[in-house]
Amino acid sequence: MAGIITQVQQTPVQANIQAPLLARLSLDLRGRRFSVDRETIMNLPESVLLCLFPNGLVLSRQSAPSADGGENSEEEELYGVDFDPDCFSFVLQFFRSASDTFYGTESAPGLYAAQQHLVDAAPASDFAPNQNPLLSKQAIIVLREELEYFSIPPQGGRAATDAHGIANEGMLELKRECGQYLLDKRSIFTALQRNVNKENNIAEQHLIDMLCMSGFDRDDEWGFRALEPSRCCISSIALVLLKTGIVHAPDKPVAIDYNQMATAQKLLLFWRKPARKCWWDGIEVELTLPGDAAPRAIKLWARRVWTLELSLV
């Protein structure tokens, strides 16, 4: 009797046949379409790519092109993506602007042209371009926050749930008001600094200090912040250019602040290796709900997840 393995007929595999790579990707983000070239997609932060393509990024054509070589053979495939289109547009615009500033455009040279001599003349040291890409690439700090919030309704109010845990209209209004309250709190470091002061967490304080030394300011706000549809969740992202220590001063040769460069190099640990931090933040807020004559004290809990990453373009 033939063995089980040998009973399976193998389908011949054609050699040297590979699906062509897509030059551009056509994306449908919640009803809004984007056509983005492959290089731009690959330069996006890993954490953003994971949100865009949770099942993996496919860069090759999934359907066979038309045999007649007609228009359909070049038609872009459309990928549906559950991601905020305004956030995606914000990221694309920032990365495009950063790239133009660093590499220059057809009408204006960029910063890289002014510091090209640093790359060409760099000795085989810690600051050589093969060991330190900050000399030849534009570095961008990417900080994202996923905030899930939970509202505890006051006693005696209209907000409640039924026996099956389904929220009534009063509870839905409470959640909407709490979401709007948190949405308006755009300061990046306020919540984390509150946790530092509460827990005396030295590591979190060092994180704030490192980010503020590397490009952020302590009073910075999120560049993009929005409520996710049909969820008690707020997504935020902030993008800043990394302070590399390469100084471009008017009418002066380009110089390197090696202390700042050493600080910037620490953030290379987060290049293509996003780091995450999660903590709970509990506060009490005064909100006037629809139908109430006076504000009520609402206990509001938020689970915050930060993702820190460095991108090079």
Side-chain angles (χ1 to χ4, degrees), residues 43-51 87 90-91 94-95 97-98 101-102 111 115 118 125-129 131-147 185-225 234-249 254-281 302-313:
N43 281 334
L44 292 178
E46 295 284 327
S47 57
V48 173
L49 285 175
L50 184 60
C51 292
C87 181
F90 169 76
V91 173
F94 189 97
F95 270 63
S97 176
T101 300
F102 187 76
L111 299 177
Q115 65 189 52
L118 298 177
S125 65
D126 290 340
F127 296 100
Q131 299 184 24
N132 181 12
L134 301 181
L135 290 175
S136 57
K137 297 287 186 179
Q138 175 63 70
I140 301 172
I141 305 177
V142 182
L143 183 63
R144 297 182 62 247
E145 180 185 73
E146 294 292 328
L147 185 159
K185 303 301 179 182
R186 299 185 62 91
S187 178
I188 295 176
F189 298 109
T190 297
L192 185 58
Q193 189 65 62
R194 181 167 56 239
N195 197 56
V196 169
N197 298 337
K198 178 182 177 182
E199 304 290 342
N200 193 27
N201 192 314
I202 303 301
E204 292 179 350
Q205 186 62 60
H206 287 168
L207 173 61
I208 296 175
D209 294 340
M210 178 186 68
L211 291 175
C212 291
M213 290 176 60
S214 302
F216 284 98
D217 290 326
R218 295 184 186 275
D219 57 352
D220 271 349
E221 297 184 348
W222 294 106
F224 175 85
R225 187 170 176 85
I234 298 174
S235 296
S236 307
I237 189 169
L239 305 170
V240 297
L241 301 180
L242 175 65
K243 291 181 179 178
T244 60
I246 302 176
V247 182
H248 293 261
V254 177
I256 297 180
D257 180 340
Y258 287 97
N259 289 330
Q260 182 64 43
M261 176 66 80
T263 299
Q265 281 189 302
K266 295 178 181 178
L267 283 170
L268 285 174
L269 295 172
F270 304 106
W271 177 36
R272 294 180 178 172
K273 296 179 181 178
R276 290 175 175 82
K277 172 177 177 52
C278 174
W279 79 98
W280 284 89
D281 181 33
R303 179 180 180 269
R304 300 174 185 264
V305 180
W306 272 20
T307 303
L308 175 64
E309 183 181 356
L310 188 74
S311 288
L312 297 177
V313 295

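Worth saying up front: this structure is predicted, and the values here are computed from it rather than measured.
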Polar side-chain atom of [X] near backbone of [Y] as donor-acceptor pair, under 3.5 Å:
| X | Y | value |
| --- | --- | --- |
| N197 | R194 | no |
| Q115 | V254 | no |
| D257 | N259 | yes |

In terms of side-chain heavy atoms, does N201 have a donor or acceptor partner in Q205 at a distance below 3.5 Å?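 There is no such pair (donor and acceptor under 3.5 Å, judged by atom type) between the side chains of N201 and Q205.
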Does a side chain donor of either E221 or S187 reach within less than 3.5 Å of an acceptor in the other side chain?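 No, no side-chain donor-acceptor pair sits under 3.5 Å.
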L241 vs F102, side chain to side chain contact (heavy atoms under 4.5 Å, CB included): CA-CA, chis, key distance, verdict: CA-CA 11 Å; L241 301 180; F102 187 76; over 6 Å; no
For K137 and L242, what are the C-alpha separation, side-chain angles and deciding distance, and is it a side chain to side chain contact (heavy atoms under 4.5 Å, CB included)? CA-CA 11 Å; K137 297 287 186 179; L242 175 65; over 6 Å; no
For the residue pair [X] and [Y], what are the closest heavy atoms and their distance?
| X | Y | result |
| --- | --- | --- |
| I246 | M261 | CG1-CE, 3.8 Å |
| T307 | P274 | CG2-CB, 3.8 Å |
| N195 | W280 | OD1-O, 4.2 Å |
| L310 | L268 | CD2-CD2, 3.6 Å |
| L147 | E145 | CD1-OE1, 3.8 Å |
| P45 | V142 | CG-CG2, 3.6 Å |

Measuring from atom [atom1] of [X] to atom [atom2] of [Y], what distance do you get when rounded to the nearest 0.5 angstrom?
| X | Y | atom1 | atom2 | value |
| --- | --- | --- | --- | --- |
| W279 | E204 | CH2 | CD | 7.0 Å |
| L269 | L267 | CG | CG | 8.0 Å |
| W222 | L143 | CH2 | CG | 4.0 Å |
| L44 | C51 | CG | SG | 11.5 Å |

Min side-chain heavy-atom separation I188-W306 under 4.5 Å: yes
Assess the residue pair R144 and E309 against the criterion (side chain to side chain contact (heavy atoms under 4.5 Å, CB included)); give the C-alpha distance rounded to whole Å, side-chain angles, the decisive distance to 0.1 Å, and a yes or no. CA-CA 9 Å; R144 297 182 62 247; E309 183 181 356; over 6 Å; no
For the NZ atom on K266, are there more than 12 heavy atoms of other groups (residues, nucleotides or ligands in this structure) within a distance under 6.0 Å? no
How far apart are the C-alpha atoms of K243 and S214, what are their side-chain angles, what is the distance that settles it, and do they pass the side chain to side chain contact (heavy atoms under 4.5 Å, CB included) test? CA-CA 5 Å; K243 291 181 179 178; S214 302; 5.5 Å; no
My understanding is that only one of I237, V91, L239 makes a side chain to side chain contact (heavy atoms under 4.5 Å, CB included) with F224; could you say which? I237
Tell me which one of L134, V247, L135 satisfies side chain to side chain contact (heavy atoms under 4.5 Å, CB included) with I256.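 Filter result, single survivor: L135.
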D281 pairs by salt bridge (Lys or Arg N to Asp or Glu O under 4.0 Å) with which of R303, R304, K185, K198?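 Result: among R303, R304, K185, K198, R304 is the only option passing the salt bridge (Lys or Arg N to Asp or Glu O under 4.0 Å) with D281.
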